[in-house]
Amino acid sequence: MEISSPPEKILAALLRQAITAAYPEEAHHPIFLERPKDPAHGDWTTTWAFHRARTLKQNPRTVAESIVREVTPHPYLHAIEVAGQGFINLYLSPLAKTAILPHILERRHRYGAGQPSSEKILIEFVSANPTGPLHVGHGRGAAYGAALAQLLSFAGHTVTCEYYINDAGRQIDILALSVWLRYLEHFLSLSSLFPPNAYQGDYVRLIAAELKERHGALFVRDPTPHLAQLPPAPLPDRLDPDAVEQREARLDALIALAKQLLGPDHWAILHRLVLESQLADLRADLAEFGVHFDTWFSEQSLYDTGLVARAIEQLQTAGHCYEQDGALWFRATAFGDEKDRVLRRANGSFTYFAADIAYHLNKYERRYTHLINIWGADHHGYAPRLRAALTALGLDANRLEIHLVQFAVLYRGGEKVPMSTRAGQYITLRELRQEVGNDAARIFYLMRKSDQHLDFDLDLAKKQSADNPVYYLQYAHARIASLLREALSLVTDPDPSQALALDQTLAAVDLTPLHTSPSALTLAQHLSLFPSLIQTAAQERAPHHLLLYLKEVAARFHAWYNEERILVPDSALRNARLALARATQHVLTNGLTILGVSAPTRM
RNA sequence: GCGCCCGUAGCUCAGUGGAUAGAGCGUUGGCCUCCGAAGCCAAAGGUCGCAGGUUCGAUUCCUGCCGGGCGCGCCA
């Protein structure tokens, strides 16, 4: 049977006919079928009678009864009834509930996939500064973005994943300086020079060591004679704004000194080496986590190609800018932002915001139908100004979706794990993956709505037991794999051709033996919801809906499995049950694959 | 101060303009001579933060209040 006519569509058509017969003037009023919470209220229900009762000047119950009287019999419709104040409850026949199984066994890894759509979507996510390892906050963005990309792609859209590399700003200069100073420590005595607001993490020392190994003393210059020119360092215990400002000024002066001592060429080499080292680490980390990007977009390239200057000119030409205190401002307030924003500082350099406008202008020029940005919650105040700038450029800001991913708070032993990006005191994504494994990390990140705070219980994620939701899903999959090995008398999993042959055989099996088993029918019916679930989850950008659905599928499978033995001697019964088990396995595999979680055949 | 997120079972959280509000953990009690017990079945546990409003119907939508979390740069 074709998926274009799932059982609920047939029910809707039957209702349509009945309504046309009972109330010809209502023939075109839409019918919505819902899944009742309580299975005692049917497989599908409609509240149509409530909505039209007033117009029809009849009470809902009467309306519902008039419709039900006109419904014609159909092999998919087991029963129809009026309930409560005017609900129309419909019950599917066992035939309707099992009809999906051959379809699943034919479609296999494509079951649930949507028709190809004309939507071209760009998803930008993670985009963390390449100035240090990814931490657990980035991990959530990575897990969410990757799952969303898979979901949208499976739903039928064309998806591109992009990472925006912030390689142009001061932060990379600070990292380069930090590495250089650690590198110098191998050659000179500079014990008190390393600034408190430079990058403190151990990875900085590692890059420095690597630099020494590959390039020897190439970058050694002694800054000691020049230190007197630098702004003084405030005492460490001073945390007032003046002291903070002084430290920043000193840091900038140190960067300038480094550039001066090394000369433009050597500074550029150092800068590039540091950046490449960090990027290589980011790529490796993400790849190990199963997160892949199609394009890596460099912020610096926006300057190199003159796009930043062009974008700002465009804004100026359109009359949305003004100069004040030597800086160039964008009149963001004219587009709903709470204050105007600087595009070019008094010192002549462009702000990050200016580059970001250029970047998004470029995204629009690449002609996507939807742009999805996944940002950390700390970027929250930033969305209005970006939208304002895009609108000012005459672009449709509605095509840009910004999803803010809230932070994850780690718990260990019931205690919050302290996180501070200062002084390199944070748990990295790599450490998390090593501690709990990729699958558990993925599932825990995706369990909650992305815009909601997440408590990540490290102890629970590591537990190999019932309370860990990771194993619940994987266990169902492995159980089925084990059944299939047993059924085929194999020691190993069936190879692809054996698996295909199995699916073809099972797709042709007579399913009537399942008709008398409520738990089998419930499971089969649940499997039939997968394609529409994919569409709504994709539309709502909500991979966690898929995760909840899969848990439901697993629960129904486990319940059925405990109730009925699958590998029974009666071959007709056994094959029908195997068809259901195998179809369940396909749904689990397809769903877990989208979420980036492995589907093990043994555990 | 302004903005965003949240308030549902002891805990962590789903959920929906509809009928008796769900899951996992925790508690209690059952189920393996038989396909994987990392599983299943059952019991107990609720003023859906409070107060108004819209609606035939509100835990869901709107407004106000109370409580919690986060963010607000000529940083990136």
Side-chain angles (χ1 to χ4, degrees), chain A residues 34-38 40-41 45-47 49-51 53-54 59-60 83-87 89 127-129 131 164 166-172 174 248 299 324-329 338-339 341-356 376-384 404 406-407 409 411 414 447-457 460 463-476 478-487 519 544-545 547-548 551-552 554-555 557-568 574 577-578 581 602-603:
Chain A
E34 305 165 28
R35 297 268 303 156
K37 282 182 232 173
D38 186 342
H41 296 137
T45 190
T46 182
T47 54
F50 291 108
H51 295 109
R54 177 176 288 190
N59 81 52
Q85 296 307 301
F87 295 95
N89 297 338
S127 297
N129 281 348
T131 53
Y164 182 52
N166 299 133
D167 54 359
R170 174 169 176 260
Q171 296 303 321
I172 303 285
I174 298 174
E248 294 302 317
E299 180 189 3
Q324 189 184 310
D325 306 330
L328 181 69
W329 294 71
E338 57 191 29
K339 50 176 123 166
R341 309 290 176 177
V342 172
L343 294 169
R344 198 180 55 225
R345 300 181 188 98
N347 69 14
S349 64
F350 287 108
T351 57
Y352 176 84
F353 177 45
D356 219 20
D378 53 337
H379 285 65
H380 145 68
Y382 192 78
L404 297 175
Q406 296 288 330
F407 294 118
V409 180
Y411 285 83
M447 245 177 348
R448 305 278 172 254
K449 276 186 291 210
S450 59
D451 58 1
Q452 207 162 85
H453 297 272
L454 171 71
D455 291 328
F456 197 125
D457 186 334
L460 179 56
K463 246 168 133 176
Q464 302 216 351
S465 76
D467 13 330
N468 189 336
V470 180
Y471 297 100
Y472 191 74
L473 292 174
Q474 296 187 328
Y475 183 60
R479 243 183 177 178
I480 297 170
S482 169
L483 273 174
L484 296 176
R485 287 191 296 268
E486 188 77 21
S519 57
H544 81 281
H545 281 319
L547 182 52
L548 294 169
K551 280 166 84 173
E552 198 66 24
F557 171 75
H558 287 310
W560 172 57
Y561 180 93
N562 271 273
E563 200 175 297
E564 292 178 348
R565 195 182 160 78
I566 285 131
L567 300 178
V568 290
R574 182 175 67 230
R577 288 177 176 171
L578 273 173
R602 292 174 209 271
M603 297 170 63

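Note on naming: letters A, B, ... go to the chains in the order of the sequence lines (proteins, then strands), and numbering restarts at 1 for each one.
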field: Residues forming a side-chain contact (heavy atoms from CB on, under 4.5 Å) with A168(A), sequence neighbours excluded
entry: E299(A), Q300(A), Y303(A)

message: Among residues at least two apart in sequence or on other chains, which ones pass side-chain contact (heavy atoms from CB on, under 4.5 Å) with T46(A)?
response: L15(A), I31(A), L33(A), W48(A), I88(A)

field: G24(B) versus U33(B) - spacing of their C1' atoms, nearest Å
entry: 33 Å

message: Measuring only the C1' atom in each nucleotide, how far is G26(B) from A9(B)? A whole number of Å is fine.
response: 11 Å

message: As a test of your reading of the structure, name each stem of RNA chain B as range with range, where a stem is three or more consecutive Watson-Crick or G-U pairs at under 3.5 Å.
response: B:1-7 with B:66-72, B:10-13 with B:22-25, B:27-31 with B:39-43, B:49-53 with B:61-65

Span that lies between the C1' atom of C13(B) and that of U20(B), in whole angstrom: 22 Å

query: What does A40(A) touch in the nucleic acid at a heavy-atom separation under 4.0 angstrom: a base, only the sugar-phosphate, or nothing?
result: nothing

task: Give me the ring orientation class for F557(A) and W560(A): parallel if the planes are under 30° apart, tilted from 30 to 60°, perpendicular past 60°.
output: perpendicular

query: Taking only residues two or more places apart in sequence or in another chain, which ones pass salt bridge (charged side-chain N to carboxylate O under 4.0 Å, His left out) with E34(A)?
result: none

query: Any idea which heavy atoms bring R565(A) and R577(A) closest together, and the distance?
result: O-NH1, 2.7 Å

statement: Heavy atoms of R448(A) and H544(A) approach each other most closely as O-CB, 4.1 Å

What's touching nucleotides 5-7 of chain B from the protein side, N or O pairs under 3.5 Å?
residue	atom	partner	partner atom	Å
C5(B)	O2'	D451(A)	O	3.1

task: Would you mind building the protein contact string for nucleotides 32-37 of chain B? One character per nucleotide, 5' to 3', B for base within reach (heavy atoms under 4.0 Å), S for sugar-phosphate only, - for untouched.
output: --SBBS

task: Could you tell me which residues satisfy side-chain contact (heavy atoms from CB on, under 4.5 Å) with R574(A), sequence neighbours excluded, listed by chain and number?
output: L567(A), V568(A), S571(A), L578(A)

Rounded distance in Å between the C1' positions of G73(B) and G57(B): 50 Å

- prompt: With sequence neighbours left out, what residues match A555(A) under side-chain contact (heavy atoms from CB on, under 4.5 Å)?
  reply: Y472(A)

query: With rounding to whole Å, what would you report as the distance between C48(B) and G7(B) at their C1' atoms?
result: 10 Å

message: For a quick test of reading the model, state the closest non-hydrogen atom pair linking T351(A) to V342(A) and the distance between them.
response: OG1-O, 3.0 Å

field: Main-chain N/O of Q324(A) paired with W329(A) side-chain donor or acceptor, under 3.5 Å
entry: yes

message: If you compare every side-chain N and O of K37(A) against the phosphate oxygens of A19(B) (OP1, OP2), does one of them come in below 4.0 Å?
response: yes

Minimum-distance pair of heavy atoms, taken over all atoms of F353(A) and Y382(A): CA-OH, 3.3 Å

task: May I have the distance from L454(A) (atom CG) to U12(B) (atom P), rounded to whole angstrom?
output: 13 Å

Qualifying residues under salt bridge (charged side-chain N to carboxylate O under 4.0 Å, His left out), relative to E338(A), sequence neighbours excluded: none

- prompt: For E34(A) and U60(B), what is the distance between atoms CD and P respectively, to the nearest whole Å?
  reply: 17 Å

message: Once you apply a heavy-atom cut-off of 4.0 Å, does S349(A) come out as touching a base, just sugar-phosphate, or nothing?
response: nothing

- request: Would you mind building the protein contact string for nucleotides 71-76 of chain B? One character per nucleotide, 5' to 3', B for base within reach (heavy atoms under 4.0 Å), S for sugar-phosphate only, - for untouched.
  value: S-SBSB

message: Between C1' on A23(B) and CG on L548(A), what's the gap in Å once rounded to a whole number?
response: 9 Å

- prompt: If we take the P atom in both G46(B) and U8(B), what is their distance in whole Å?
  reply: 14 Å

query: Atom CZ of R448(A) and atom P of C25(B): how far apart are they, to the nearest Å?
result: 14 Å

field: Closest-nucleotide ordering on RNA chain B, the 5'-leading residue of A559(A) and F87(A)
entry: F87(A)

query: Looking only at atom types and distance, does a side-chain atom of D325(A) sit under 3.5 Å from a main-chain N or O of A327(A), one as donor and one as acceptor?
result: no

- request: Indicate the atoms forming the closest heavy-atom contact of T45(A) with H41(A), along with that distance.
  value: CB-O, 4.4 Å

task: Select base, sugar-phosphate, or nothing to describe what H51(A) touches, counting heavy atoms under 4.0 Å on all strands.
output: base

field: Qualifying residues under salt bridge (charged side-chain N to carboxylate O under 4.0 Å, His left out), relative to E563(A), sequence neighbours excluded
entry: none

field: Earlier contact from the 5' end, RNA chain B, for F50(A) and P60(A)
entry: F50(A)

task: Could you tell me the separation between the NE2 atom of H558(A) and the C1' atom of A38(B), rounded to a whole number of Å?
output: 8 Å

message: If I take atom CG in residue N89(A) and atom C1' in nucleotide A19(B), what distance separates them, rounded to the nearest angstrom?
response: 9 Å

query: Please, which pairs that meet salt bridge (Lys or Arg N to Asp or Glu O under 4.0 Å) have at least one residue in residues 342-356 of chain A, sequence neighbours excluded?
result: E323(A)-R344(A)

- request: For C13(B), measure the glycosidic angle (O4'-C1'-N9-C4 for a purine, O4'-C1'-N1-C2 for a pyrimidine) and name it syn if it falls within 90° of 0, otherwise anti.
  value: anti

- prompt: Rounded to whole angstroms, how far apart are CG on L547(A) and C1' on G24(B)?
  reply: 12 Å

- request: Please state the C1' separation for the pair A21(B) and G15(B) - nearest whole angstrom.
  value: 8 Å

query: Taking the C1' atom of each, how far is U47(B) from G3(B), in whole Å?
result: 32 Å

